[in-house]
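Notes to accompany the following structure.
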Amino acid sequence: MLPVEPPIYMTATFRDPLSDGDRSLSDRGFDLKYSREENPTVRELERRVAELDGFPDGLAFNSGMAAISSLFIWARKLLVALESYPTTVRLALDLREMGLEVELAHVEELPDRAPRGGVVFVETMTNPLLKVPDLPALADVCEERECILALDNTFASPILLRPSYYSELSVQSATKYLSGHNDVVAGVVTGYNLGELWEWRRKLGTILDPFRAYLVMRGLQTLELRVRRHSENALRVARFLEGCELVEWVSYPGLESHPQHELARRIFKGFGGVMTFKPKVRAEELIRNLKHVIPAPSLGATRSMIKPVSSTSSLPKELTSKLIGENVLRLSVGLEDPEIVVEDLRQAMEGSLRRVSLVGE
Ligand code: PLP
């Protein structure tokens, strides 16, 4: 029997030793005995994501944050970009307070601050502001200082950027594009020499379960198609927002107005599905008036989703307003006809404007 799709090994334990006395071995050469350490369904996912990323190995975790927190604890000496996903920044600040050697710096400052022998952690498109780090320059500096560049490639996915071109380690929240259907929370690290991180995953108990590993693998089958369509749709929506008089600014790497647009053109094969913008109407009011776009704090799903980033950040208020500003929205464009999203945003903004002027009268 040879199943075409990966079987789900829904078991906590494996017989060890086998009935003939042989050891039950995983392909890493360890005893395959307990699903907190290793599970064949999870292992198959790890192999597939590692191949997409261009690395020899991978480890799957029970969320993107489980992957990042395990990685940060393993890293010990760490420099984290301040523009990262706010919960990642929060984690870095808390670990620093607990005495770990963690520094934070703006994306542009990373090359100067890269710690010799440490780890530099940065998102390839930052959440939520869509800044793009100069990866070729950063990779050179990291090589010179013998530090590991770890990329959070969640927004780009390996379809738009193969992390192994620039780095030795990559993280993704598989909750987003890898799984793609908003029905799984998961995370993956890929890279070289993951033995120590494997140990940390075992000790922290942060491994993914086999059923969700299967769901992520199902998502991987359409990853390329989806990411290309997300990118096309998002560009259409970003151009609409840029030309709309009710919008103050839009940040999307695919727009010529984006400060790192030329760099983004060089390093990505498309610009992804996420953008951030500042409407001239009240963000909360705009969200209330939407009929199609779903107010929800995630991205990379088949349906478009929006969230107010300023009011929902997990960082202290002063830091949020310094890093992100006020009244800012993050929009993840889905796989629908983009005209539906454009029309929905248009009517929601115009509706908010009418309300504002009625209130003002
Ligand atoms: N990294 C990035 C860039 C994210 O946007 C997120 C979540 O939004 C995470 C990591 C954390 O992933 P998860 O929600 O799967 O824990």
Side-chain angles (χ1 to χ4, degrees), residues 42 45 49 53 58-73 75 78 80-92 94-95 104 107 119-133 135 150-158 160-161 163 167 169-190 201 204-209 212-213 215-216 219 227 230 234 251 253 268 271-276 294-301 305-309 312-315 320 323-324 328-333:
V42 178
L45 168 68
V49 180
D53 283 350
L59 293 169
F61 291 83
N62 61 37
S63 68
M65 286 317 299
I68 293 170
S69 51
S70 303
L71 181 74
F72 282 8
I73 289 169
L78 186 64
V80 177
L82 260 169
E83 288 82 356
S84 307
Y85 171 52
T87 307
T88 298
V89 176
R90 178 91 250 179
L91 172 70
D94 290 351
L95 291 176
L104 290 110
V107 167
V119 173
V120 176
F121 184 91
V122 66
E123 293 169 5
T124 54
M125 292 176 185
T126 67
N127 180 5
L129 284 180
L130 285 304
K131 263 193 184 182
V132 178
L135 293 180
L151 298 178
D152 182 332
N153 200 30
T154 300
F155 274 32
S157 88
L160 303 183
L161 180 126
S167 71
L169 265 184
S170 175
V171 186
Q172 281 174 92
S173 165
T175 315
K176 313 294 162 27
Y177 292 103
L178 292 189
S179 60
H181 294 75
N182 198 38
D183 52 5
V184 181
V185 171
V188 187
V189 172
T190 54
R201 184 180 71 171
L204 295 169
T206 45
I207 193 172
L208 185 62
D209 65 81
R212 283 183 291 160
L215 286 176
V216 178
V227 170
H230 280 295
S251 178
F268 297 121
F271 305 103
V274 185
M275 67 200 65
T276 297
I294 302 167
S298 195
L299 57 107
M305 291 176 171
I306 196 161
K307 85 162 200 163
V309 276
T312 57
S313 165
S314 53
L315 293 173
T320 303
L323 287 171
I324 301 167
V328 176
L329 291 165
R330 187 191 68 197
L331 172 66
S332 166
V333 179

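Keep in mind the model is a prediction, meaning the values are calculated, not measured. Remember, it's 1-based here, ligands and their atoms both numbered in the order they're listed.
The closest side-chain heavy-atom distance from Leu299 to Phe155 is below 4.5 Å. When side chains are defined from C-beta on, Leu135 does not count as touching Phe268, because their heavy atoms never get closer than 4.5 Å.
In terms of the side-chain hydrogen bond (donor to acceptor under 3.5 Å, both in side chains) criterion, Ser332 has no residue partners (sequence neighbours excluded). In this structure Asp209 satisfies the side-chain hydrogen bond (donor to acceptor under 3.5 Å, both in side chains) test together with Arg212, sequence neighbours excluded.
Applying the side chain to side chain donor-acceptor pair (under 3.5 Å) test to every pair with at least one member in residues 121-133, sequence neighbours left out, gives these pairs: Glu83-Lys131, Glu108-Lys131, Thr124-Asn153, Asn127-Arg330.
Residue-level contacts of ligand 1 at the 4.0 Å heavy-atom threshold are Ser63, Gly64, Met65, Ile68, Tyr85, Glu123, Asn127, Asp152, Thr154, Phe155, Ser173, Thr175, Lys176, Ala186.
Remark: the backbone N or O of Ala66 is not paired with any side-chain donor or acceptor of Arg201 at under 3.5 angstrom.
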